[in-house]
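When reading the values below, keep in mind they use all heavy atoms of this one structure, side chains included, and skip hydrogens, waters and symmetry mates.
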Amino acid sequence: MTNSISISISMTQVAQIEQDFLLRFPGGLQDPAWLALGKKHRSIRQAMAMFDTVLSPPMLAAAIAQRRYGEVIEACRQFVGRCTTISTFEKMAFRNYLAFSDVHEPFVRCLHALLTRCDAASFDDFVDVLLLCRHDKNANAAKWPLVTAFLAYSDPQQHVCIKPTTVKKLAARLGVDIAYQAQPAYQTYQRVQAMVAQCRQHSTQLLMDNNITAQAVMYCTV
């Protein structure tokens with residue numbers, strides 16, 4: 001996926017974010033307090049590892065071909081359970097959503113398409129499949145953190161995870177119009193993705209190894 005969205009963030013703005021982060025964590029990404037925070041999110045590595053095995057595109061394709069959805073659904077349930085970026089309420093909604101077995105096949109197919117190409121069509125289809133159970137107010141799983149977690153943890157170099165309140169504060173600080181919509185939308189996703197990419201590109205004081213780290217750093221400053 002190529003992101004053609006143009007976002008303008010200055011090096012001065014990024015330097016200020018880095019300075020604010022360093023005021024709180026003088027040792028940077030090796031600061032003891034920062035590392036202590038990281039320990040609370042150790043499950044991230046376990047969650048990311050699932051996209052090298054049962055949730056990898058080849059494994060998803062094989063499951064679809066063999067109509068073997070149970071293992072994938074259980075893996076998705078475990079993945080969401082391990083994600084610290086997804087709230088307890090959103091995790092419960094996803095569990096309730098998966099309780100409707102008739103959504104399993106379309107969900108797995110749309111997840112495979114999303115992870116394979118992540119374009120406007122596959123993004124919208126993934127949101128739509130998560131809306132299939134919206135008649136049950138406790139099973140509406142189409143929320144920003146959940147939709148984007150599958151992308152961010154599958155490829156943290158390219159993708160981002162969106163927590164609406166925090167990302168809106170960050171965009172306001174940087175003067176970036178992310179065209180925010182309450183329901184996940186591809187245009188907004190691309191704009192946030194471009195915003196994070198520019199911040200990493202302009203960073204001079206912190207070595208942010210992926211977008212998960214970059215977003216954590218930026219979110220600490222808003």
Atom pair [atom1] ([X]) and [atom2] ([Y]), whose distance is rounded to the nearest 0.5 Å:
X: Met218; Y: Arg200; atom1: CE; atom2: CZ; result: 9.0 Å
X: Thr85; Y: Ile44; atom1: OG1; atom2: CD1; result: 7.5 Å
X: Arg24; Y: Leu22; atom1: CZ; atom2: CG; result: 12.5 Å
X: Glu90; Y: Lys143; atom1: CD; atom2: NZ; result: 7.5 Å
X: Gln181; Y: Gln187; atom1: CD; atom2: CD; result: 7.5 Å
X: Arg95; Y: Arg77; atom1: CZ; atom2: CZ; result: 9.0 Å

Derivation and outcome, side chain to side chain contact (heavy atoms under 4.5 Å, CB included), residues Asn138 and Met92: CA-CA 8 Å; Asn138 296 315; Met92 289 175 59; over 6 Å; no

Test side chain to side chain contact (heavy atoms under 4.5 Å, CB included) applied to Thr204 and Met11, step by step: CA-CA 9 Å; Thr204 58; Met11 295 185 70; 4.2 Å; yes

Within 6.0 Å of NZ in Lys91, more than 12 heavy atoms from elsewhere: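 Enclosed: over 12 neighbouring heavy atoms sit under 6.0 Å from NZ of Lys91.
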
Close side-chain approach of [X] to [Y], heavy-atom, < 4.5 Å:
X: Leu130; Y: Phe94; value: yes
X: Leu35; Y: Lys39; value: no
X: Asp102; Y: Leu132; value: no
X: His135; Y: Cys133; value: yes
X: Arg191; Y: Met195; value: no
X: Pro26; Y: Asp31; value: yes
X: Gln205; Y: Gln19; value: yes
X: Met50; Y: Met59; value: no

Set of residues satisfying side-chain contact (heavy atoms from CB on, under 4.5 Å) with respect to Arg173, sequence neighbours excluded: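 Only Gln16, Ile17, Asp20, Thr221, Val222 meet the side-chain contact (heavy atoms from CB on, under 4.5 Å) criterion with Arg173.
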
Please check: side-chain N/O of [X] versus main-chain N/O of [Y], any donor-acceptor pairing under 3.5 Å?
X: Asn210; Y: Pro156; answer: no
X: Glu18; Y: Ser203; answer: no
X: His112; Y: Ile64; answer: no
X: Lys168; Y: Ile178; answer: no
X: Gln193; Y: Val160; answer: no
X: Gln13; Y: Ser10; answer: yes

Plane angle bin for Phe107 and Tyr97 - parallel if under 30°, tilted between 30 and 60°, otherwise perpendicular: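 Plane angle over 60°, so perpendicular.
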
Ring geometry between Phe25 and Phe21 (parallel below 30°, tilted from 30 to 60°, perpendicular above 60°):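 The rings of Phe21 and Phe25 sit tilted, inter-plane angle from 30° to 60°.
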
Hydrophobic cluster membership, with links at side-chain heavy-atom distances under 4.5 Å among I/L/V/M/F/W/Y: are [X] and [Y] in one?
X: Tyr219; Y: Ile86; result: yes
X: Tyr180; Y: Leu151; result: yes
X: Val217; Y: Val167; result: no
X: Met48; Y: Leu111; result: yes
X: Ile73; Y: Leu114; result: yes

Pair Ile212-Cys161, side chain to side chain contact (heavy atoms under 4.5 Å, CB included): steps then yes or no: CA-CA 8 Å; Ile212 291 175; Cys161 186; over 6 Å; no

Distance-only side-chain donor-acceptor flag, Asp119 / Ser122, under 3.5 Å: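 Side chains of Asp119 and Ser122: pair found under 3.5 Å.
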
Centroid separation Phe150 to Phe79 less than 6.0 Å: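 Phe150 vs Phe79: aromatic centres under 6.0 Å.
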
Partner of Cys199 under side chain to side chain contact (heavy atoms under 4.5 Å, CB included), chosen from Ile7, Leu174, Leu170, Leu206: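 Running side chain to side chain contact (heavy atoms under 4.5 Å, CB included) over Ile7, Leu174, Leu170, Leu206 with Cys199 returns exactly one hit, Leu174.
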
Result of checking Val54, Val72, Thr116 against Leu60 for side chain to side chain contact (heavy atoms under 4.5 Å, CB included):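 Only match with Leu60 under side chain to side chain contact (heavy atoms under 4.5 Å, CB included): Val72.
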
Testing the basics here: between [X] and [Y], what is the closest heavy-atom pair and its distance to 0.1 Å?
X: Trp34; Y: Cys220; value: CZ3-SG, 3.6 Å
X: Ala214; Y: Met208; value: CA-SD, 3.4 Å
X: Ala141; Y: Leu146; value: O-CD2, 3.7 Å
X: His159; Y: Tyr189; value: ND1-OH, 2.7 Å
X: Pro184; Y: Phe123; value: C-CE2, 3.9 Å
X: Ser154; Y: Phe51; value: CB-CD2, 3.5 Å

Working for side chain to side chain contact (heavy atoms under 4.5 Å, CB included), residues Arg109 and Tyr69: CA-CA 10 Å; Arg109 289 183 178 275; Tyr69 305 115; 3.9 Å; yes

